[in-house]
Asker: 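First, the structure itself, so that you have it in front of you.
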Amino acid sequence: MDKYYLTTAIAYTSGTPHIGNSYEIVMADAVARFKRQQGRAVFFQTGTDEHGQKIEEKAAAAGISPKEFVDGVAKTIQDICDSLNISYDKFIRTTDDYHEKQVQKIFKKLYEQGDIYKGAYEGMYCTPCESFWTESQLAEGKCPDCGREVQPAKEEAYFFKMNKYADRLIEHINTHPEFIQPVSRKNEMMNNFLLPGLQDLCVSRTSFKWGIPVDFDNNHVVYVWLDALTNYITGVGYDADGNSSEQYKKLWPADLHLIGKDIVRFHTIYWPIFLMALGEPLPKQVFGHPWLLQGGEKMSKSRGNVIYAEDLIGLFGVDAVRYFVLHEMPYDNDGTITWDLVIERFNSDLANILGNLVNRTISMSNKYFGGIVESTGVIEEVDADLKAVVTGARDKVAEKMEALKMADAVGEVLALFRRCNKYIDETEPWVLAKDEATLPRLKEVMYNLTESICIGANLLSSFMPETSEKILAQLNSEARAFESLAQFGLYENGTRVTEKPEILFARKDTAEIMEKVEAIQAAQRAEYERENGIVEAEEEAVVDIPVKPEISYEDFDKLQFRVGKIIKCEEVPKSKKLLCSQVKIGSEVRQIVSGIKQHYSAEEMVGKKVMVLTNLKPATLAGVLSEGMLLCAEDAEGNLALLTPEKEMPAGAEIC
RNA sequence: GGCGAGAUGGCUCAACUGGCUAGAGCGUCCGGUUCAUACCCGGGAGGUUGCGAGUUCAAGUCUCGCUCUCGCUACCA
């Protein structure tokens, strides 16, 4: 049997993922189920990424060991998977012992063959991002990725020779257009990283302990990405010593890595290069899916607008949630999720078109024929189109699935059900029921409907497995082989359908749902406030940042701050963030460049008296000389406010 | 600033290598129907496909310029 190995990214266990993260696993599950239905020997792996400094710190804050911490989160994540009815074959955790062992072996192997070498890393380190930055890369002395504080750090470290494999990778990408999907992502990788030339990647850390130790050099732990990415091979039995399992030999290379667009870089540059170094073939395809955004905004707990899978499932049920994320997600642009949209989709597609169709059909069978469904062969012209649509659906769905166009695929199934509703209108069963002479025709109509719904339910099984089963159960039928889904008339003659059809999707009242949503959001904000130690009485927000090491008075005394008056200010050309100010300090005028264009216009800067660090070493920014630094306060959102003296003070006054 | 993607009726999105009066769904309006979860079916209105040129027998689709949005990336004293 033709194998199909697909994976999702493994979830980082630093917190509970929201529905935006859950999209990926639902999509992967739909693909896995569909391939299985098509007869492929599917292996579907997902899991959790459990190492790193961030987790070490979160655990410390919670007063438990890192392992205890990740055990808890991994459990939550696995529960979410299960509640979404995810049919994974393997749930790997990077703290699993076989994984850790292999990562050590892989590291050693790469070191021994010279791809990894020992060097030293010096620079500023951002803990949450686990990234080193050079001074010049910093954003106002902060991490350019997340904007948080960085600490100076120097470590002995191991580096991977990326460039050694760059040409081969470029060649591979160029000759395999399907490798990176969608194409816009491929362009980004080529233009921003590969073509300008890769830098050697630091693949070890000494600044924290919660990682897989480098076994021949105990001060070091393996870089999280090298640790995480290799899950795709260790999970199926890869062995760096050449004793890989039969399963590995059968499954690798993976057919599809399904990941978020934010980590395309790791999967299409670092990962292939690691594999090349190991002498293993590259995965066939990496698909960087877009995000699901809450009404165009990012989800955040403080706004109380995070939508969790759990809440959605509670309100609408698993399959409705699955349907929604699959239906609403476009191919390469970000999708939108709002409560209104979910309710609308639920009512119109699931309750009205699908649920009601099943319900009315079964009701009629019971009403007219005591639930017995029978083909009488009294065919009419209108039947042909129904049958054509129904039997043609399978291949249409398959085609869309092949291209990973989830929304279109699920749309094809819905189109089948729409066609059934139309068929009822065309044949008017209630009219046929009035005349004894047309009863055979009525039987045929009911049979056609039942059979159509059966095929539709079969095609639905990848997307909405529970609903698919429920429908088939109500029709007293069973799942069919994929091959026969393009064939009409396999519903067994004389079958009795259920007497009392259960409502599949009860219509939701918008006001009622929104009331519950309000409650959920209020609870979320309350939880956020509790977690962040915000007292209810305190209206004002506060900002907490990592505390820097204590300094001596002498250290402080080295700095000189003075009041400066901005007498002229203009935008720095070719720059998004920079303003260039002429600042009067005493009788001197200095030129200072600041990254505050997004917060202050050049005009409003003029005339302000501001706090200036005057003895900072001059530097050139975007080609413009800057002799000092304007001091600003920054809130959690990154908004800046210049510091000005609280009473009128002359330009040049010392701040001490 | 560099690179890339996108801009289509009120909303969410389609339209393969340029080819018939630019399509769906939702919403809206009108009509039909009653088996069913106030549901279903049909029909109408609604788009100079961001703006301006050009190539072509033919352009949403190709070329150039402009505006705006987004992504990646650089700069961020």
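Keep in mind that the numbers below use all heavy atoms, side chains included, and drop hydrogens, waters and symmetry copies. Quick caveat: nothing in here was measured; it's all calculated off a predicted structure. Naming: A, B, ... by sequence-line order, numbering from 1 per chain.
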Asker: So, are A:Glu374 and A:Lys443 salt-bridged, with charged N and O less than 4.0 Å apart?
Answerer: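 Yes.
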Asker: Compare side-chain N and O positions of A:Asn352 against OP1 and OP2 of B:C40 and report whether any pair is under 4.0 Å apart.
Answerer: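 So the side-chain polar atoms of A:Asn352 do come within 4.0 Å of the phosphate oxygens OP1 or OP2 of B:C40, strictly under.
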Asker: Looking for any heavy atom pair under 4.0 Å, which part of the strands does A:Ile592 touch: base, sugar-phosphate only, or nothing?
Answerer: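 Sugar-phosphate, backbone atoms only, no base.
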Asker: Between A:Phe346 and A:Phe316, how do the two ring planes meet: parallel, tilted or perpendicular, split at 30° and 60°?
Answerer: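 Because their plane-to-plane angle lies in the 30° to 60° range, the rings of A:Phe346 and A:Phe316 count as tilted.
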Asker: Under a 3.5 Å cutoff, is there a donor and acceptor pairing between the side chains of A:Thr467 and A:Asp319?
Answerer: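 Checked: A:Thr467/A:Asp319 side chains pair up, N/O donor to acceptor below 3.5 Å.
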Asker: With sequence neighbours excluded, tell me which residues meet salt bridge (charged side-chain N to carboxylate O under 4.0 Å, His left out) with A:Glu402.
Answerer: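 A:Glu402 satisfies salt bridge (charged side-chain N to carboxylate O under 4.0 Å, His left out) with A:Lys35 once adjacent residues are dropped.
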Asker: With sugar-phosphate meaning primed atoms plus P, OP1 and OP2, does A:Val593 contact a base, only sugar-phosphate, or nothing at under 4.0 Å between heavy atoms?
Answerer: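 Sugar-phosphate, backbone atoms only, no base.
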Asker: Pairing of RNA chain B as dot-bracket, 5' to 3': ( ) intra-strand, [ ] crossing, | other strand, . unpaired, with Watson-Crick or G-U pairs under 3.5 Å?
Answerer: (((((((..((((.....[...)))).(((((.......))))).....(((((..]....))))))))))))....
Asker: Do A:Asp408 and A:Lys396 sit within salt-bridge range, that is, some charged N less than 4.0 Å from a carboxylate O?
Answerer: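 Judged by the 4.0 Å cut-off on N to carboxylate O distance, A:Asp408 and A:Lys396 do not form a salt bridge.
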Asker: Here's a test of your reading of the structure: between A:Gly355 and A:Arg265, which maps to the more 5' nucleotide of RNA chain B?
Answerer: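 Nearest-nucleotide comparison on RNA chain B picks A:Gly355.
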Asker: Considering only nitrogen or oxygen atoms on both sides, find all protein atoms under 3.5 Å from nucleotides 31-33 of chain B and state each distance.
Answerer:
none

Asker: Between B:G43 and B:C51, how far is it from one C1' atom to the other, in whole Å?
Answerer: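 Those two atoms are separated by 36 Å.
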Asker: Taking 4.0 angstrom as the limit, do A:Glu502 and A:Lys500 come out as a salt bridge?
Answerer: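 Salt bridge absent between A:Glu502 and A:Lys500.
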